Amino acid sequence: DKGAYRHFMAKEIAEQPEVVGHSLTRYVDMTTGRVRLPQGADFDFSRLDRLAISACGTAFYAGLVARYWFERFAHLPVDIDIASEFRYREPPLAAGSLALLISQSGETADTLATLRHCKAKGMKIGAVVNVPTSTIAREADVVFPTVAGVEVGVASTKAFTCQLAVLAALAVKAGRDRNVLSEEDEQKLVSSLIELPRLMAETLHLEGEIEKLAQTFAKAQDVLYLGRGTSFPIALEGALKLKEISYIHAEGYAAGELKHGPIALVDETVPVVVLAPFDPLFEKTASNMQEVAARGGKIVLVTDAEGAKHAGDVFATLVVPTAYAFVNPLIYAIPIQLLAYHTAVFMGTDVDQPRNLAKSVTVE
Ligand code: M6R
């Protein structure tokens, strides 16, 4: 039921503070500020050598963000592959690694094939899944549930942020298990997770501004998305969201990669969405932004209050709440979802059932 919303996607975007909150209550103890994994999923990361993450589409981008977290907070090396490519790389599979699959539906053929391949090689299988009765959930050794509820829109939104929330909690757990994080570090990170639903709700208030911007995007032929660090996978996700529901060509790039080729595309007709919280990477991203501005590109900067002060010459700025850097990917996901949504609505496409796409891709 869409309730008062025009599309399931709009409803699912709006539900995110609530469902991310639900997902988090399964993984963190709100009173002690410690991570507590759900029953049956109490995995010990202390003796792992590597983590091998595989997924498709948006779930893959959640995995890309998680790589930064696992490596930084748990010093756990992460391999990550698009599930449809994993087997062709023929990676040597170490007994001491955990294969971690991420899937909303739990039925994606490529992800399932990777699961079975890893299982046949004797690896232990973990799965971050939204549908608890799905094939991937049944075949995994350890299931880390997301609690996004049913996601109807083909473009994944709330499942993505719930995947991020669960992966964030797992990375903190891994950091504790591996003695990289102190109890105090853990509490700091967990309290930033607990703050998330409130900050995400605040971010949703940008909708009116984004709706106006969407009219500019609807006229574009190409759109670029740029980010550094954990904002890079969110740039990739922004481009995927826009492509799949508005059919506008879009690409996400690591901000530093721009001058290695894609900047040749930039002129006054190309909107460039820059995701740049005011963190230690801001200055570098800002200088990439100036390279775009010098070529007439229309910059839409998504940043926090401090970043906005240092923005310089931009077409528009969307100011999101200031948060602990760790949780920024969940906040920056919201404006890019809303931008894709409103651009598609403005263009009159079938937002919930975009052409050529299926909610769950059950063929390889
Ligand atoms: O159900 P899954 O998470 O395994 O699905 C993976 C992709 O097919 C999915 O994320 C797809 O990319 C979405 N349509 C993106 O919005």
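One-based numbering, in listed order, for ligands and for the atoms of each. Here the structure is a predicted model, which is why all the values come from computation and not from measurement.
If you look at Lys359 next to ligand 1, there are no close heavy atoms at all, none under 4.0 Å.
Between His310 and Glu283, the side chains place no donor N or O within less than 3.5 Å of an acceptor N or O (distance only, hydrogens not considered).
Checking only distances, Thr111 never comes within under 3.5 Å of ligand 1, N or O to N or O. When only interatomic distances are considered, the shortest N/O to N/O separation between Val154 and ligand 1 falls below 3.5 Å.
Among Ala55, Cys56, Gly57, the residue whose heavy atom sits closest to atom 6 (C) of ligand 1 is Cys56. Distances from atom 10 (O) of ligand 1 to the heavy atoms of Ile136, Thr58, Ile102 put Thr58 nearest. Among Ala109, Ser105, Ala83, Ala340, the residue whose heavy atom lies closest to atom 1 (O) of ligand 1 is Ser105.
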Q. What do the steps show when you test Phe73 against Val180 for side chain to side chain contact (heavy atoms under 4.5 Å, CB included), and what is the final call?
A. CA-CA 7 Å; Phe73 299 123; Val180 178; 5.9 Å; no
Q: List the steps and the verdict of side chain to side chain contact (heavy atoms under 4.5 Å, CB included) for Asn288 and Arg228.
A: CA-CA 10 Å; Asn288 304 131; Arg228 262 176 201 269; 3.0 Å; yes
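The side-chain heavy atoms of Pro38 and Pro145, taken from C-beta on, include a pair separated by under 4.5 Å.
Relative orientation of the Phe282 and Phe278 rings is tilted, given thresholds of 30° and 60° on the angle between their planes.
Close approach to Lys241 involves these atoms of ligand 1, each under 4.0 Å from a residue heavy atom: 15 (C), 16 (O). If you number the atoms of ligand 1 from 1 as listed, the ones under 4.0 Å from a heavy atom of Ala59 come out as 3 (O), 10 (O). Shown in contact with Gln104 at under 4.0 Å from a heavy atom are these atoms of ligand 1, numbered in order with element: 1 (O), 2 (P), 3 (O), 4 (O).
Residue contact annotation: Ala155 has a non-hydrogen atom under 4.0 Å from ligand 1.
The CZ atom of Arg178 sits 4.5 Å away from atom CG of Leu76, with the distance rounded to the nearest 0.5 Å.
Remark: minimum distance from atom 8 (O) of ligand 1 to any protein heavy atom is reached at Val361 CG2, 4.1 Å. What sits closest to atom 5 (O) of ligand 1 on the protein, heavy atoms only, is Thr108 OG1, 3.5 Å. The protein heavy atom nearest to atom 16 (O) of ligand 1 is Glu244 OE2, 2.3 Å.
For Arg34, the salt bridge (Lys or Arg N to Asp or Glu O under 4.0 Å) partners two or more places apart in sequence, or in a different chain, are Glu183, Glu186. For Tyr332, the ring-ring contact (aromatic ring centres under 6.0 Å, His included) test picks out no residue, with sequence neighbours left out.
Among the candidates Lys158, Glu12, Gln16, Glu237, the single residue satisfying the side chain to side chain donor-acceptor pair (under 3.5 Å) test with Gln337 is Gln16.
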